[in-house]
Amino acid sequence: MRLRKITLREIHLRLLSPFETSFGKSDLRRILLLEADVDGAIGWGESTAGENPFYSYETVETAWLILRDHLWPLLKEKEIGAASEVWDLLAPVRGHNMAKAALETALWDAEAQQKTLPLAKLLGGTRDEIPCGVSIGIQPTNAALITKVEEALSAGYQRIKIKIKPGHDIAPVRALRERFPSVRLMADANSAYRLEDAPLLKQLDAFYLIMIEQPLGWDDIFSHAKLQRQIETPICLDECIHDVEHARAALEVQACNIINIKLGRVGGHASARRIHDLCQENSIPVWCGGMLESGIGRAHNIAMSSLPNFSLPGDVSASRRYWSEDIIEPEVEVTPQGTIRVPNVPGIGYQPRLDRIESLTKRREVLE
Ligand code: OSB
Ligand code: MG
């Protein structure tokens, strides 16, 4: 396959309600979409880089620059055997995985269309539906939080994740546990604590959370290993894991018992699959994280989640939890059992709504 042209776009989409984490609040999402023309087949990808470098160092601006000036030149005019080779072709660029993932995932979509295969099948997926959870941002009161949880449970979602930060941790978790004794519950700290906070984090053991996600430094695997020796709650790593070698290190030092895989953070489907396979060999379950994606990124997340070791419910939820109107047709829907059916049509399995995407586009750059 030969990459003929890519189009970068920035679209703006407002979340139905602001999403607050330990590192800040997100309201108007700026989303970088990438359209790849591969011998006439059009594949779509999404960069999950944020508006600010608070989750990771990447932003929409850095992803745009890296794609235009450094990644596109590496693939332009090259004969590529398959999308599975792209991760290695992009290796000369250190890091910038979210920029890489936008391009790499678009090529997987294009290849799946050319082979008239659902992307999930091309990736080696085995599930025809995936289990879903929700991620609930920091709420002003415990009462507001309980209402959000009630709504998610009545929609069928199988697992509840809440965001915590210093000063807003034990109390909301206790309130939820008292109200929902048997729900599958977890907390995500987005790197807001230090190893010295171990005694506080240990108090969470009383609430039998299924895991605590990324309590310590965004690039600090070693301290997580030290923390895991001091607390019962299984640690799940998110921010720390950028590729299969990070995953290998984390497993070897026992820094976590579970890994959250995000396509953007790990640089696309090939890298995600390597982490998935390594975890499977080591009996470590994985689940698919979310980055408040539009329908394009969400469709890729669904395809990835069809791999066999995605055995825990992910943060892949229905379009209507995020947007008044998504940019794909049909929108992503969740069944009353809290699952999403993996589409059985070629490519990502949802149609990008070109007219809507066009009207949301704030800037565009065509590279050929
Ligand atoms: O840490 O999982 C995270 C959103 C933005 C940045 C980081 C994270 C999140 C979420 C939202 O938890 C998950 C979703 O897309 O619903
Ligand atoms: Mg997280």
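Counting starts at 1 for both ligands and their atoms, in listed order.
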Identify, by name, the N, O or S atom of Asp188 lying closest to the Mg ion (ligand 2). OD2
Which atom, among the N/O/S set of Asp238, is closest to the Mg ion (ligand 2)? OD2
Distance under 4.0 Å to a non-hydrogen atom of [X]: what atoms of ligand 1 satisfy this?
{"X": "Tyr55", "result": "7 (C)"}
{"X": "Asn190", "result": "1 (O), 3 (C)"}
{"X": "Asp238", "result": "1 (O), 2 (O), 3 (C)"}
{"X": "Lys163", "result": "1 (O), 2 (O), 3 (C), 8 (C), 9 (C), 10 (C), 12 (O)"}

Would you call [X] and [Y] a salt bridge, using N to O less than 4.0 angstrom?
{"X": "Glu325", "Y": "Arg320", "answer": "no"}
{"X": "Asp277", "Y": "Arg274", "answer": "no"}
{"X": "Asp315", "Y": "Lys163", "answer": "no"}
{"X": "Glu150", "Y": "Arg179", "answer": "yes"}

Compute the minimum heavy-atom distance from Gln214 to ligand 1 and say whether it is under 4.0 Å. no
Is Asp188 close enough to touch ligand 1? Criterion: a residue heavy atom under 4.0 Å from a ligand atom. yes
Lys262, Arg29, Arg265, Met291: member with heavy atom nearest to atom 2 (O) of ligand 1: Lys262
Looking at [Y], does the NZ or CZ of [X] lie under 6.0 angstrom from its six-membered ring centre and within 45 degrees of the ring axis?
{"X": "Arg298", "Y": "Tyr322", "value": "yes"}
{"X": "Arg29", "Y": "Trp323", "value": "no"}
{"X": "Arg321", "Y": "Tyr157", "value": "yes"}

Nearest protein heavy-atom contact for atom 14 (C) of ligand 1: which residue, which atom, what distance? Tyr322 OH, 3.4 Å
Just to confirm my output: which protein heavy-atom neighbour is closest to atom 13 (C) of ligand 1, and how far is it? Gly290 O, 3.4 Å
Test your reading of the structure: does [X] have an N or O sitting under 3.5 Å from an N or O of ligand 1?
{"X": "Phe23", "answer": "no"}
{"X": "Arg298", "answer": "no"}
{"X": "Ser317", "answer": "no"}
{"X": "Ser135", "answer": "yes"}

Working note: Arg265 + Asp238, criterion salt bridge (charged side-chain N to carboxylate O under 4.0 Å, His left out); need CA distance, chi angles, decisive distance, verdict. CA-CA 9 Å; Arg265 199 191 68 230; Asp238 174 354; 2.7 Å; yes
With a cut-off of 2.8 Å, does Glu213 put an N/O/S atom close enough to the Mg ion (ligand 2)? yes
Should we count NZ of Lys202 as having more than 12 external heavy atoms under 6.0 Å? yes
